[in-house]
Amino acid sequence: MAILMLRACTVSTLSKQVKESNVQQRRWINGVEGIAYGGDYNAEQWPEQTWTEDIELMKQMGVNLVTVGVFSWALLEPAEGQFDFSFHDRILGLLDDAGIGVDLATPTVVPPAWFWKQHPEARVVTKDGVTLGHGSRGMASPSSAAYREAIARVASTLAERYGSHPAVRMWHLHNEYGVPISECYGDESVAAFRAWLKTRYGTIDALNTAWGNLFWGQLYREWDEIDAPRRSGSVVNQSMQLDFSRFSNDQLIGCMTIERDAIRAHSDLPVTTNFMAGETDATDYWKWRDELDIISNDHYLDAERRDNYVGLAMAADLTRSYANGEPWVLMEHSTSAVNWRDRNIAKRPGEMQRNSLQHMARGADAIMFFQLRASRFGAEKFHSAMIPQGGTDTRVYREVVDLGGALKRLTPVRGSRVRSRVAIVWDRNSFWASGQEWHPSIDLDPRERTNAMYAQLWHRNVTVDFVHPSHDLSGYALVILPQLYLVSGESAANLARYVDGGGTLFASYFSGIVDETDTVPVGPYPGQLRGVLGLSVSEFLPLYADQAVQLSGGGSGTIWSEEIKLDTADAVQTFVDGPAAGGAALTVNRVGAGRAYYLATALHGDDLGAVIDDVLGAAGVDTASEVHRNLERITRVADTGEAYEFLINHSELDYAVAVPGAIDELITGEAIAAGTVPVPAGAARVVRVVR
Ligand code: GAL
């Protein structure tokens, strides 16, 4: 019964789907039938006879899309302005003959050695004043005029030659902007930072006010007195650091749009760049998404965590949210171990398929790997691949072939959507600001809180979208603020409007503490959220590293407590002991048609789960009564109303799952009898459901 209710709620929100992106209808990969499947194909590392073999194997694996040329700049432009197209011509020709599509990369992530010799000023300078060398990978200074000129030339030349090549299906700009280099403190960057600040603040007085420069006597009189926030004697102005993060993000976007525009002058194929959603701190992807035709993401498991599939699910939900709910591309993940962690744990049998289908369950319509064939040389020779060092007589290869077959059978799922009634607020500006020094406790960590709250929802099979706090939230029954330290006036008003209109808000401690300039609003904490939460905080009472405090509801909190003064809010639970003993620990404020909950300590595991259950209940979000431990359950709904229910069993138990309305299972092709789907330990099933 509860399951039926959950479904009913899911469908009823279809029409309420939040539309925030300026891109009305994203485009999809040209000419790729079904689910796209493949990976990065660094063919230049291999002799041509291997290409022929690779293409035969691609057919066996069911590959229909490969990313070509990510690291090919040195081959493509052997000297400034002189192009050699022979590699690209040959490989694109062979792939086209085989009917395999190409996601053609601009190779701008690794400029050639001649570039660095001619333009040493383009090298990145770190916060500590170290000028980075080459001989590796990574970005030139995003503010370098020589680099910007060079990427425009390369992108334009590639697009002019291959913009209508029959093999090319989409454009892949650069590679993981911001990783491993996102900031530069060199001369050109400082000049660009000053120009950016002038545009933002207009006058030096406005900047002095925004940065609080009366503090520690940091007033500026002239723009050219301003430096980058490089390493200094003590804590560098925090508002300045926050602006430098914003500036650095904008410089990367600037490089991306230079390439995109150079391509669009010659080609109308869709353009993407591979994000690292949830993994890189450098980029505010809410600002990137509308610049791109297709959203794509790279994801690598936290292999040392046994429940790393929860983190995977979160990255996938975040990517879908950037894509505004539309299908997205999983551009890279690994078939088995990576090579760059301390312990590179191999994926166990079936794990790669589960990982792939998790991404698909959460909206990906393209499943791609890094990389097609394992490198024999270089820093990544121990990284797994679709064709591993051991060749085709390996478990990994056999699983890759099986996955290709499964994805073919999952073609009907393409284009269907995931819907959710719960959203978690995700704001990179707030992460940047809260990551700074000299805050009330080193244990304050919004990412940890986000992960903790997400995990509780995951274990209840509650599907989550991520939102910016200024987005239209009206389509959600529940919005969670895991620790939104920075809240702008606009976002605060938006959150208040959401609650007033009937929404349920659940905020944790240390939210609403500063505004967008990292300044504490006048009056008690939590500043601009005081009204909606109906309380104020008289004093922060952070806990010792090993301290736990008891709550009247039975849970035990760590990290944080505080003295709360209730205004219009009511206490739901109080602190039993600790520095805030007797005071409110969990509160609720009724505002208009909605309510806002506030939790003043860090709860974990089942203690946090119990509060989340109450909040979900208050918001009217039903959770299925039948929850199988570590069985992930997500529904994608097609325009036709047909639904695909993904059942991914991460446990060691065999389950029989009730799926009312189930017709058949797409991976095995089996008909479903009596609405019960067997999902053996470690298996994944995709059930077609008609309601
Ligand atoms: C990605 C990167 C790839 C490859 C991969 C290895 O971050 O885009 O080029 O290095 O990591 O895991």
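As the structure lists them, so they are numbered: ligands from 1, and atoms in each ligand from 1.
The six-membered or imidazole ring of Y41 lies away from that of W46, with a centre-to-centre distance of 6.0 Å or more. In summary, the aromatic rings of H174 and Y177 are positioned with their centroids under 6.0 Å apart. The ring of Y147 has its center no closer than 6.0 angstrom to the ring center of H119. In this structure, F244 has its ring center closer than 6.0 angstrom to the ring center of Y185. Ring centroid separation for the pair Y300 and W340 comes in under the 6.0 Å cut-off.
In this structure, atom 3 (C) of ligand 1 lies nearest to the protein heavy atom E332 OE1, 3.3 Å. Among protein heavy atoms, the minimum distance from atom 5 (C) of ligand 1 is reached at Y300 OH, 3.4 Å. Atom 10 (O) of ligand 1 has its closest protein heavy atom at E380 OE2, 2.3 Å.
No part of F369 comes within 4.0 Å of ligand 1, judged by heavy-atom distances. Residue Q371 does not touch ligand 1, judged by heavy-atom distances below 4.0 Å. Residue H333 does not touch ligand 1, judged by heavy-atom distances below 4.0 Å.
For ligand 1, the atoms closer than 4.0 angstrom to any heavy atom of N175 are 2 (C), 8 (O), 9 (O). Less than 4.0 angstrom separates some heavy atom of H383 from each of these atoms of ligand 1: 6 (C), 12 (O). Close approach of ligand 1 to E176 is summarised as follows: ligand atoms under 4.0 Å from at least one heavy atom of the residue are 1 (C), 2 (C), 7 (O), 8 (O).
Taking the six-membered ring where the residue is Trp, W458 and H650 present tilted rings, their angle falling between 30° and 60°.
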### Query
Can L318 and Y454 be said to form a side-chain contact (heavy atoms from CB on, under 4.5 Å), step by step?
CA-CA 11 Å; L318 185 53; Y454 181 89; over 6 Å; no

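For the pair R137 and ligand 1, the shortest N or O to N or O distance falls below 3.5 Å. By the 3.5 Å distance cut-off applied to N or O atoms, W340 is counted among the residues near ligand 1.
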